[in-house]
Amino acid sequence: MQSLTNRSKIVSNKKMTFSERIYLVAIIKGMFITIQHFFKKKVTLDYPKMKKPVVANYRGQHILKRDDQGAERCTACGLCAVACPAEAITMVAAERIKGEENLYREEKYASMYEINMLRCIFCGLCEEACPKEAIFLTDMIVSPDQQRDKFIYGKDILVEKMDKRYDTSKRQTHLLEK
Amino acid sequence: MEVELIFKISLVIVMFAISLGIAAYATYGERKFAAWFQDRMGPSNAGPWGLLQPIADGGKMFFKEDFIPAASEKFLFILAPCIAMLTALMTSAVIPWTTNVVIMGQILSVQVADLDIGILYVLGFVSIGVYGIMIGGWSSNNKYSLMGAVRASSQMISYELAMGLSLLAIIIMTGSLGLREIVDGQTGSFLGFLPNWNVFKQPLGFLLFLICAFAETNRAPFDLPECETELVGGYHTEYSSMKLGFFLFAEYINMFISSAVIATVYFGGYHFPYLNRMISDPNMLAAAGFAVFFAKIFFFLFLYMWVRWTLPRFRYDQLMHLGWKTLIPVAVINLLLTGAVMILKDYL
Amino acid sequence: MTNIVKSPPGYEGPGFFATSASKVVGMARANSLWPLPFATSCCGIEFMATMASDYDLSRFGMERLSFSPRQADLLMVMGTIAKKMGPVLKQVYEQMAEPRWVIAVGACASSGGIFDTYSVLQGIDKIIPVDVYVPGCPPRPEQILDGIMQIQDLARNEDLRRRNQPEYQALMESYDIK
Amino acid sequence: MITIDNNYLKEQIASHLGKQLLHCEETYGMLCVETTKESIISLLQFLKEHSELQMSFLTTMCGIHYPDNKGKELGVTYHLHSLVNNIRVRIKIFFSEHDCVVPTATTLFDTANWMEREAFDFYGIKFEGHPNLKRILNVDHMNYHPLRKEYPLEDATRTDKDDHFFGR
Amino acid sequence: MNDIANIPNNNKAAKGGDSKDSISGEYTTLNLGPTHPATHGIFQNVLQMDGERIHSTEQTIGYIHRAFEKLAERRPYNQITPITDRLNYCSSPINNIGWQLTVEKLIQADIPKRVDYMRVIIMELARIADHIICNSVIGVDTGAMTGFLYIFQWREKIYELYEEACGTRLTTNVGRIGGFERDFSPTFHTKLKKFLKDFPQGLQEFSDLLERNRIFMDRVINCGPISAERALDYGFTGPNLRAAGVDYDVRVMNPYCSYNDFDFTIPLGTQGDTYDRFMVRQQEMWESLKIIKAAYENLPEGKYHADLPDFYLPPKDQVYNNMEALIYHFKIVMGEMKMPAGEVYHSVEGGNGELGYYLVSDGGRTPYRLHFRRPCFIYYQAYPEMIKGALLSDAILTMSSMNVIAGELDA
């Protein structure tokens, strides 16, 4: 086969020198490397006693944000569900009735909003799709469970609690035009 | 007489317990050291620093379902781990653990049986040990097991030759087959500054013996009979529960015994330079000798692990080539040289 | 002599009533779960990361992977199980010696994930009983470890006789195992 | 010295195929040729053994299904690559789904073996002369060819999806 | 030994499964997989063995067939990126970016230089990550577990870099059609600098452990060789082809992402055996490192995405406040982009070789047909030929050195 480019270089040398042939040199060299590591500081993260910080834009469990007055931002437009490659999001839209203005920001809201966490692949497309700053992925980790049904997260889990608000200000800074 | 009998019986029990304990904690040590070699932490959740890990493993295995495959030879299937365990435990009978002790005025040797043919006894039991693996692999009626068994037996047979030849050189030098005499021949100093250990007189023989010991105990780089990536579990693929435990245990006991034999034959056993000059009380000396001996054993156990977590393993045919085409000729040359030196010594 | 000795505190329900003997054995089992990694795809790579130095599975006494199902205690199914693979998985499960636990790691093994397609099994619980589901695609090593710790809890609190209970037998029968 | 470019390639193919050249266009820098299944092997052989072109590397091949294209429902696309000249060509053939027997390319390229098995598995295209034409990715007892457009993607056993929202 | 070759049928052995020695003409059937430790649970090789020697092999694949191609026909263009993640999951970013480049070729987008360079950095990191897996697994399969654990720590560092760049570790879903979803964060820069500084030592240490160790060399030299002609006939690409001595590299032959700006050599082997494959991958990591350095040092200023209002999502604050942006946003997310009809083939140099995307668009919401040229799938069929007459251990090593990734194999 002729050479296709002029940038190639043969890198594998199969000829062994005498010192390589008698095994011992490489063995001792190898053992020297491993014994150095023996006394090195260990890199292990002793989970769960220690936790590794997760980056701000980590794609973990979702939350549905409320605005500063405590009203749900989601308007049940369904974009997140359409954008979901795993088809893990289901929602039912409802009209806001009088007196609920403090609960829901827009006139339409999601009366049911479920994410199947077992289906979800945490790709982040729903967050990207949301036009209302309502759904965010967070650095929280969805914990394993023993029952399959428990992984269908409804609004009770997803909607953020006002006393435990989640700071998403660092998440989408890149998407804002400076 | 009675004192001696009681002493021997208690020695048997103590050594039995020590063998088991060391084997158990060798598994722990292996896991911990392997972790340290690999920048990891190693077992840490079972008890403080994971010290209860071997007990957890044992406890789990005892209560695991005992599975005998329908296609297996049931009797042999059960017999195999027993043979492996039994031979491993019996080998230690001839090892002299330390200098004689004095109890109630009687001089007692801390050795279960001071046989004249101690070395032959060790070699004999080691070669019976392979039957455990062979029978286990064959009776499982599993192809991977069978291949493991075939590998194990051919490997053992090939490496036993070189091992025997390298030991022969020692026997020529000391003129005895008894381990006690071999140990006691290693007091004093050699060339003025080295301890009079056989390793300095027989460096080549030691290297050969060490390599063969690795092969005999099925340790990396010679762990072909059970190499995971090729044969799944090798000869013990079909074994579950404590029968598997026996096989794994036997491997560690064998490691312990072979470390003891290496220390005895090449590293002066319980002797250490100036030890018997510093301590005059025989019982204290025995205790110190015991400690020295175990320190040496532990070093070799560590070496086993160190090598295992460094080297890749051989291929089956390369292993055979190494055994037959390299180690045996070198061992013969070593033997001839030793003989020649011995004859020359007589003339000079 | 009407004084009846009170039963020791334990877990209610048949097979979950842990006595002290069971507790000791359970502790031993929990700390010596030898996994059988049934890794088929992406999650298998994440399992490698869990096993590697940074997360180090050996802390739980789990670094001895037993590829022979006879010796394994924990079947870790990681990655997509296609319908072609299903019977193989079931056979592996059947070959495992009791007690055995199963952990479904990742969206694909737990539910099929994004692969809602003709060739993919929609969750391994269709063919074998699953003890713990770990969500994520693939889960972080932390999540895998969380799942393993849940299995440890199960092992620790399991009664020695549970596997002989009619409930357990019925469960096995419902999966047509043995 | 001939410059080997798409025009040269086109001329060569046209002169080889004659009337069998059904369609030829250049899209996104790659020449795309349509021919009949009778002449596909001779074309592939011609290109492979051509002393100048040396298109001896079968990059990939795959089936395609146009259910509305009556009489030409199924197709196979070959991508050839000349490593020496660094030029690629796409060759397509179309045929009826009732007569989906195509001569095999395994006689020319060993690599065609699994690709043809895959095309058979997905589209039911039968490659005449293939040494081992059976399903490759799906289970043997599957009774349809899943990538044809009429078959659904979804697995019928999925239980956790409620389709009536958003009309999915 | 000659009579072994012309024994016609070994069905008997397959049925009975009993082993006799080769004189009687029967072989042992050994099922390597689908759950063998070295196959990582994904494919099956039925070996006809004469003792430890392999007489013939029959492969069964498809154990994780996930119907990517069908799935791609039902998903809008922007939802295909997460699917490509799972093709060759050892180097997901290459798959992601390869797909985006294909669509960009279809829509003939003009991509800024900065995006190209950012892509090069991410892709070369992915290549390193991919080769780390392959080479360390060769190490593990020879029994050297420790090297694997040393080098894997560096993979963990690459994971951290991915996490900085896109928010997750393995299945990255990085980049969008037209560029990236976000610029490299400041932490990414510091981490990348640290990686570039420290990784050479780690790689060197791994080389020292294995490369010139005779035990290792004996194991891998002459193990599963394939000649250049046969390799080409079997459609080999990537490191495996280069190990056979053909300097075909998509990055050089059909440069994409401004790869022609970078100067790097193509490492070659001679015989196509496992040692060649190992060494080629080893050297490619050094080359990738060189490319990353060059790309990072010359990283141009500018936007991290192309100006493609029809395909690239508008900035979020405009979506919130501006009606026009909101309409575009809806259109893109729903997949109602103005996708031109046409056919395009684009290939990138994936971890295992030429990763090609053959996209047929009819102008609709989803691709009409999307065929992936999966290098693994194509070259794995050469396996029986490569291990014929070899020992069982060789078969295992050949398999791991070919780097067969299940996701890519079965699609």
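The figures that follow rest on heavy atoms only: side chains count, while hydrogens, waters and symmetry mates do not. First the proteins, then the strands, lettered A, B, ... as listed; each starts at 1.
- A side-chain donor-acceptor contact under 3.5 Å links Ser53(C) to the backbone of Gln38(B).
- When each of Arg29(C), Arg70(C), Arg100(C) is checked for heavy-atom pairs under 4.5 Å with chain B, Arg70(C) comes out on top.
- Contact check for Asn45(B) versus Met149(C): no side-chain heavy atoms found under the 4.5 Å cut-off.
- For residues 127-136 of chain C, a heavy-atom distance under 4.5 Å to chain B picks out no residue at all.
- Residue Met27(C) places its CE atom among 12 or fewer non-hydrogen atoms of other residues, nucleotides or ligands, all under 6.0 Å distant.
- Listed in order of number, the residues of residues 51-65 of chain B that approach chain C to under 4.5 Å between heavy atoms are Gln53(B), Ala56(B), Asp57(B), Gly59(B), Lys60(B), Met61(B), Phe63(B), Lys64(B), Glu65(B).
- Residue Tyr131(B) places its OH atom among 12 or fewer non-hydrogen atoms of other residues, nucleotides or ligands, all under 6.0 Å distant.
- Arg40(B) and Met51(C) get closest at one heavy-atom pair: CD-O, 4.2 Å.
- Looking only at distances, a side-chain donor or acceptor of Arg31(B) sits under 3.5 Å from a matching main-chain atom of Gly61(C).
- Proximity to chain B involves both the backbone and the side chain of Asp73(C), based on heavy atoms less than 4.5 angstrom apart.
- Neither the backbone nor the side chain of Ala30(C) comes within contact range of chain B, judged by heavy atoms closer than 4.5 Å.
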